[in-house]
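Read through the structure below, which is laid out as structure tokens, and then see the notes.
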There are 2 protein chains.
Amino acid sequence: MRIPADILAAAVKDLSDLVAIPSVSARGEGMEACADSIERLLAEAGFATEQHPGDVGPFVVGETGDGPFTLVIYNHYDVQPEDPVDLWTAPPFTLSERDGRLYGRGSADDKGEFVSRLAGWREFRKTHPGPLLFKLIWIAEGEEEIGSPSLNRFLDKRFPDTKADLCWWEYGEVDKSGRPIILMGFKGILAVELECRTARADLHSSLGAIFDNPLWRLAAAISSLRDASGRILIDGFYDSVIAPDPRSRELAAKPPFPLESLQEETGGRRLLEGVNAATFYEHLNFEPCLNVNGFHGGYDGEGAKTVLPCTGMAKLDFRLAPGQNPVEIAELLRRHLDAKGFDDIALKVLDAEVLGVRSDPSHAAVDLGAELLEKWFGRPAIIQPSSAASGLAHPFIHKFGATLFGAGLTHHGAMLHSPDENILVSHFENMIGFSAEFFAALAGRFGSAPEAEPHV
Amino acid sequence: MRIPADILAAAVKDLSDLVAIPSVSARGEGMEACADSIERLLAEAGFATEQHPGDVGPFVVGETGDGPFTLVIYNHYDVQPEDPVDLWTAPPFTLSERDGRLYGRGSADDKGEFVSRLAGWREFRKTHPGPLLFKLIWIAEGEEEIGSPSLNRFLDKRFPDTKADLCWWEYGEVDKSGRPIILMGFKGILAVELECRTARADLHSSLGAIFDNPLWRLAAAISSLRDASGRILIDGFYDSVIAPDPRSRELAAKPPFPLESLQEETGGRRLLEGVNAATFYEHLNFEPCLNVNGFHGGYDGEGAKTVLPCTGMAKLDFRLAPGQNPVEIAELLRRHLDAKGFDDIALKVLDAEVLGVRSDPSHAAVDLGAELLEKWFGRPAIIQPSSAASGLAHPFIHKFGATLFGAGLTHHGAMLHSPDENILVSHFENMIGFSAEFFAALAGRFGSAPEAEPHV
């Protein structure tokens, strides 16, 4: 599908202007300038806008419309650092077009997503100029790339009682074969560090006949946490897991791509026991898991060194299911270690901020979205119950009560966070067209004139 | 006890000459020069001498005497590299005396041991000038500091049928309180490397829901190898262990120093389960053990990185009891890994050369030695059934059939392999005096005129 050339040109111009602002939150650069541009674009598109201070970058809010249905759009205008700069084919903060792609830092993550939706909104408003018959709250933050440290606090303060029906997430994916994916959930995450020290300094390994070994202790502790199938062995770990609803279960039962293609693409070889071509997609969507991210201690050189190291360290992450609270899981982990005799292993929580979410895919807005995505991308949308990865969506889902709707233009070769980040022009067009029609469809399906104030 | 000043002066001169030759086997330096000096010293002391090529340094052999009793003395003339040079108080290859100590690379390990014995030998010969009524084979090698790569081959070739009664080991220890220690054994050693690879490259840790984790696999494999008390869980591991004889058991049952002093000295804090003040010395003497020398894989930086590493590596060593063959233990380890489902973990043997040995401490020569050590050091000797560490003594013990006798002047502050290596002049004197009397005592107790050749 194509959209009118002037619409596309205007969107490319907006994207080009935004990419030109190096809004790198890790360095705290260009935050106000980019927030101002975002605010101006929203204001010009008819939104009532505000800015609120964040820890690093301001929050921009645009609001319009009213009605019983509330849509929240969440985007971010900050980007990852551009280094290594010499691996970019063209300068990172200049939007450049080559071979049907638009290159530049933020072209995909997340300025391209924001601009395509805004361009669609403007198109929608051309044909639907009157008062919007649903409430639309557009939130763009500047700290997503550094973990959204103040997002939750900001939402609590600015939107203490806000309820919403749908949260259009900051991004969505288009798979390798061009099928659009609607993400309905994310896993939560708990990241921890374990440290074990058994002596003041490294010892001769002959003393291993009487002194314990910190690397063996860490190994034993870690191997006590899960079995070969990946099943977590911590008492109470699964107690608060919310079981997938029947529709999600049904969606995950039919993998939209074969396991072999995933293995080929990722290079992952060895599967957990019990994971196979039929079950892997369910695991990716629903199963909490434990990972050892790193394990370090003792000798790391050539050949043998018969040393008894005095200390070792391991980093772990748990991907959590909806219902599991990372802070509580950290407590269960501590209890497990103590119960197994590893009370000497120090536990440091590195990250316990992100809760898992999973929305019901049978929401009518999801059906509308899926239909329109199929129309614009020419292929049936995949409705994915949950990403295997994590996103800080729980404030919108748990507090606002919204259904997550993750649709967008991020393709599998988008090089997010890397040199030569890019989007496909065709996807950009598709998402402009989709957005225009999605706003119209939501208004048609859920929009209604606000009730008149009762006369007293 | 003091020895005549001229004797001591001659020994110091010999030691000074030997220390001045930087016979660093790791660099292959000074090997022939040092071997020549050793040979000349032995020849001047009345030995029939030979040199034989080794992989790096020549073997020097001195022989004299004959009789039904055979004493083998084993020394080495190579030394560890001298670096870091700037941490030496005086030049490493110049013997210097300060505060009752003689400093220099090799002053203790092993030139001081060799020279003290040789000086004692010369003293003994002054009063016992006739034919030696026992057989003495003195072997000095130049590759001990690099693991004696060709010692075994040399002994097989040069001494295919030699039997011996006693092997006076290259060193012995004097403990912190000045008590001489007679070592009766060493542990064997098996050093291995485990590697596990589960993917082509590191993956996003969200994929841990389906792909296995190489660090978890290594951790689980390692924790399956022993329990918290240090007991090895490999099938058949203990089958070939030779139980200590009653005398050795009795010696180990009474620790000659308290556990607290060992903990204070080494800084080791956490004991294996079941190890306590009463049992630690038995463990040090008799128990095989498993150590994790190093464990490395994945992220090692600050904070969290949610990566699923593709590979990990661990190095282990096993200290083995007499009877356990490191090559066979490596096979049992491979079988254990396979049986536990870790057939994907690669096993590389780094060292399987050193077999454990333990001699019967009730040999009459040990009693003689202990008596004389007590006389010269003024404190009762400790007879230690086995070092907790390893030494390549098995060719002498298993093939020659000798009883190990490890007595010498290496004190606990000797800084072996480090800057400011040193010996105490008083210990040097004691070992010269001890050696003279020990040779005399052996001749008195075991010496007898060789049987006349039968006339045909």
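Just so it is clear: chains get the letters A, B, ... in the order the sequence lines come, proteins before strands, and each one is counted from 1.
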Is it true that A:S205 and B:D317 share a donor-acceptor pair across their side chains at a distance under 3.5 Å? yes
Under a 4.5 Å heavy-atom cutoff, which of A:F286, A:F211, A:W216 has the most pairs with chain B? A:W216
Taking the side chain from A:K315 and the backbone from B:G303, do they hold a donor-acceptor pair closer than 3.5 Å? yes
Does any non-hydrogen side-chain atom of A:N291 lie less than 4.5 Å from one of B:T306? no
Test side-chain contact (heavy atoms from CB on, under 4.5 Å) on A:R270 and B:R217 and set out the steps. CA-CA 11 Å; A:R270 188 180 178 92; B:R217 291 192 66 71; 3.1 Å; yes
By a 4.5 Å heavy-atom criterion (distance strictly below it), what part of A:L203 contacts chain B: side chain, backbone, both, or neither? side chain
Scored by heavy-atom pairs under 4.5 Å with chain A, the best of B:E193, B:H204, B:K187 is B:H204
Spell out, as yes or no, whether a donor-acceptor pair under 3.5 Å connects the side chain of B:R200 to the backbone of A:E264. yes
Checked B:G298, B:S206, B:G294 vs chain A; the most non-hydrogen pairs under 4.5 Å come from B:S206
What part of A:A228 is in contact with chain B, defined as an atom under 4.5 angstrom from a non-hydrogen atom: side chain, backbone, both or neither? both
If one checks every heavy atom of A:V292 against chain B at 4.5 Å, the contacting part turns out to be both
Please check if the side chain of A:H296 supplies one atom and the backbone of B:G297 the other of a donor-acceptor pair under 3.5 Å. yes
A:L350, part contacting chain B, at a heavy-atom distance under 4.5 Å: side chain
